[in-house]
Amino acid sequence: MKVLIIGSGGREHALVSKVAENTSVKKVYCAPGNGGSQRENKCENINITKIDELLSFALENRIDITIVGSEELLVQGIVDKFNENGLKILGPSQKAARLEGSKSYSKEFMKKYAIKTAAYEVFENENKALEYLKKCEYPIVIKADGLAAGKGVVICNDLIAAKNIINDFMILDIFKGSGKKIIIEEFLEGVEASILSITDGKVILPFISSKDHKQIFDGDMGPNTGGMGVIAPNPYCSKEVLDEFEKHILRPTLVGIQQEAMDYKGIIFFGIMITSKGVYLLEYNVRFGDPETQAVLPLMKSDFVELVTCAIEGDLQNFELQWNKGYSCCVIAASKGYPGSYDTGIEINENNKLEGKLFVAGAKEEDGVLKTSGGRVLGITGIGETLDKARDIAYADMKKVQFDGMYYRSDIGK
Ligand code: AMP
Ligand code: GLY
């Protein structure tokens with residue numbers, strides 16, 4: 001088998017490494033990949049990123065399965081294009097990808113199928129939004145409707161902050177169209193959990209739960225990032241929480257997917273908030289999480305390629321998804337300045353032997369040396385019988401890797 005993984009982050013490195021475990025897989029291509037995917041067994045990076053180029057590559061090289069990492073290409077309809085050409089690809093159709101691509105669409109979907117979510121209003125006119133904001137209780141959450149590279153959600157503590165966001169999103173148009181329409185949403189207080197799942201359109205199989213750490217600083221302080229670390233399973237996801245999630249979120253979502261005749265054979269990732277008033281759905285993502293994937297996939301006992309094949313073929317009903325016992329802890333190291341501006345091209349010293357697994361995110365190999373190329377540079381996942389052991393491995397390994405300006409949180413999973 002030949003497998004194509006599309007993307008260039010830590011998530012894609014983790015996907016490459018998991019796919020390569022399957023003995024029927026002879027070759028893994030990662031487009032464009034990074035300095036880590038390139039070093040994995042059986043893997044070759046190919047420097048293409050556009051749908052048409054990827055399609056030609058997959059046809060010419062007779063790729064058996066394609067897995068898409070990030071949301072942009074899914075929202076642009078890569079799955080429909082590949083399917084029209086008889087290629088197998090894991091991911092939602094363009095229609096289903098709107099569950100992530102448009103927050104107003106996904107909120108309407110949640111309302112229609114009685115999925116428990118925060119109360120909200122949609123605005124396309126800034127004056128109406130400002131009028132509404134004068135009557136709101138604070139904090140309040142403002143969300144850009146379209147894709148905004150993870151920067152489109154802001155929690156506003158007062159009217160002044162909210163007015164500034166309306167100005168940025170709707171008038172200055174900082175997201176180039178994606179924030180012209182906004183959602184103003186009730187603020188929910190609680191603990192978040194990420195539940196990655198896979199669907200073939202007939203069933204949704206949830207993976208083990210995980211917990212991202214979105215803010216840049218310890219104690220969940222400072223601005224949001226793409227994610228600074230993940231533990232799995234999420235200690236807050238008790239049986240009661242998971243039962244409630246299944247009843248009020250997962251099952252009605254499946255009903256909605258079927259009734260709306262979405263062609264959905266892919267990953268569906270539920271971002272939930274566990275509150276004193278129950279479990280709420282914050283958002284859908286139609287792809288793997290980053291860095292959730294780096295913590296969750298290493299615990300998967302079942303064969304990942306078989307799982308993906310079953311999803312694409314509509315045959316998940318009989319798949320028995322199994323997990324290894326224990327915990328994982330993935331700590332992310334970022335460039336100095338992230339999530340603001342940062343320098344790149346900084347050499348990474350990673351010559352020491354690690355006990356955990358290093359996943360490269362924003363780094364490239366030049367003449368055999370890894371150099372930083374992004375904000376989130378790398379992650380290390382430790383696995384242990386207990387969460388403490390997993391965390392100790394990840395943090396001990398972090399001390400063995402260095403680059404100038406390297407920053408990581410010291411409280412992942414604490
Ligand atoms: P989203 O992209 O909708 O998941 O939002 C990004 C992040 O903003 C979430 O992971 C939460 O940390 C936060 N967030 C989103 N919606 C709410 C809400 N209604 N109440 C509190 N926090 C929220
Ligand atoms: N870590 C959050 C995400 O992938 O959206």
Side-chain angles (χ1 to χ4, degrees), residues 7 9-12 14-15 68-72 74-75 99-107 109-110 115-121 136-157 165 175 178-179 182-197 207 209-216 220-232 234 249 267-297 330-332 334 339 359 361 375-376 379 412:
R11 162 182 57 203
E12 287 76 15
L15 286 166
V68 188
S70 79
E71 60 278 14
E72 287 88 5
L74 295 166
V75 169
L99 286 175
E100 176 165 359
S102 165
K103 289 201 186 283
S104 59
Y105 173 77
S106 78
K107 292 293 283 191
F109 176 93
M110 293 176 209
I115 295 158
K116 194 160 163 177
T117 191
Y120 74 103
E121 294 286 339
C136 284
E137 275 182 45
Y138 287 82
I140 195 102
V141 187
I142 303 183
K143 301 187 175 187
D145 181 57
L147 294 183
K151 300 193 171 83
V153 176
V154 184
I155 295 163
C156 300
N157 287 322
I165 294 302
F175 299 127
S178 280
I182 58 156
I183 284 97
I184 302 182
E185 187 172 293
E186 166 198 10
F187 175 78
L188 298 173
E189 200 159 0
V191 180
E192 278 180 71
S194 301
I195 305 192
L196 303 181
S197 318
F207 292 1
S209 60
S210 56
K211 184 174 188 293
D212 196 1
H213 296 67
K214 289 209 164 86
Q215 285 88 352
I216 185 77
D220 292 338
M221 306 297 277
N224 265 350
T225 69
M228 292 301 293
V230 169
I231 52 167
N234 184 322
I249 298 173
I267 297 299
I268 180 160
F269 158 177
F270 300 87
I272 63 171
M273 184 77 95
I274 305 160
T275 78
S276 56
K277 290 186 279 175
V279 181
Y280 287 72
L281 180 62
L282 288 179
E283 64 162 352
Y284 293 111
N285 292 309
V286 296
R287 48 151 180 99
F288 287 96
D290 189 341
E292 283 88 343
T293 304
Q294 293 91 301
V296 169
L297 280 191
C330 173
V331 180
I332 299 292
F359 293 113
R376 289 188 294 173
I412 302 303

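All ligand and atom numbering here is 1-based and tracks the order in the structure. Start at 1 with the first residue, then count along the sequence. Since the model is a prediction, treat every value here as computed from it, not as a measurement. Side chains are part of it too, since the values below use all heavy atoms of this structure and drop only hydrogens, waters and symmetry mates.
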Check step by step if ring-ring contact (aromatic ring centres under 6.0 Å, His included) holds for Phe269 and Tyr284. CA-CA 6 Å; Phe269 158 177; Tyr284 293 111; over 10 Å; no
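Legend: residues meeting side chain to side chain donor-acceptor pair (under 3.5 Å) with Asn157, ordered by chain and number and at least two apart, are absent.
Using cut-offs of 30° and 60° for the angle between ring planes, the Phe288 and Phe207 rings count as tilted.
Applying the side-chain contact (heavy atoms from CB on, under 4.5 Å) test between Ile165 and each of Val141, Ile140, Ile142 identifies Ile142 as the sole match. A side-chain contact (heavy atoms from CB on, under 4.5 Å) with Asn234 is found for exactly one of Ser210, Ser194, Ser209, namely Ser209.
Legend: salt bridge (Lys or Arg N to Asp or Glu O under 4.0 Å) pairs involving residues 139-148, not counting sequence neighbours, sorted by first then second residue: Lys143-Glu185.
A distance of 10.0 Å separates OG1 in Thr225 from NZ in Lys151, rounded to the nearest 0.5 Å.
Counting all heavy atoms, side chain and backbone alike, Val230 lies closest to Glu292 at CG2-N, 3.7 Å. The heavy-atom pair separating Leu147 from Glu100 by the smallest distance is CD2-O, 3.9 Å.
Protein residues with a heavy atom closer than 4.0 Å to ligand 2 are Asp212, Gly226, Phe269, Asn285, Arg287, Gly289, Asp290, Pro291, Glu292, listed by chain and number.
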Below 3.5 Å only, please: the N or O atoms of ligand 1 paired with protein N or O atoms, distance on each line.
residue	atom	partner	partner atom	Å
ligand 1	2 (O)	Lys103	NZ	3.1
ligand 1	2 (O)	Glu283	OE1	2.9
ligand 1	3 (O)	Lys103	NZ	3.3
ligand 1	3 (O)	Lys143	NZ	2.9
ligand 1	4 (O)	Glu283	OE1	3.2
ligand 1	4 (O)	Glu283	OE2	2.8
ligand 1	10 (O)	Glu192	OE1	2.6
ligand 1	10 (O)	Lys214	NZ	2.8
ligand 1	12 (O)	Glu192	OE1	3.4
ligand 1	12 (O)	Glu192	OE2	2.4
ligand 1	16 (N)	Lys143	NZ	3.0
ligand 1	19 (N)	Glu185	OE2	2.7
ligand 1	19 (N)	Glu186	O	2.9
ligand 1	20 (N)	Leu188	N	2.8

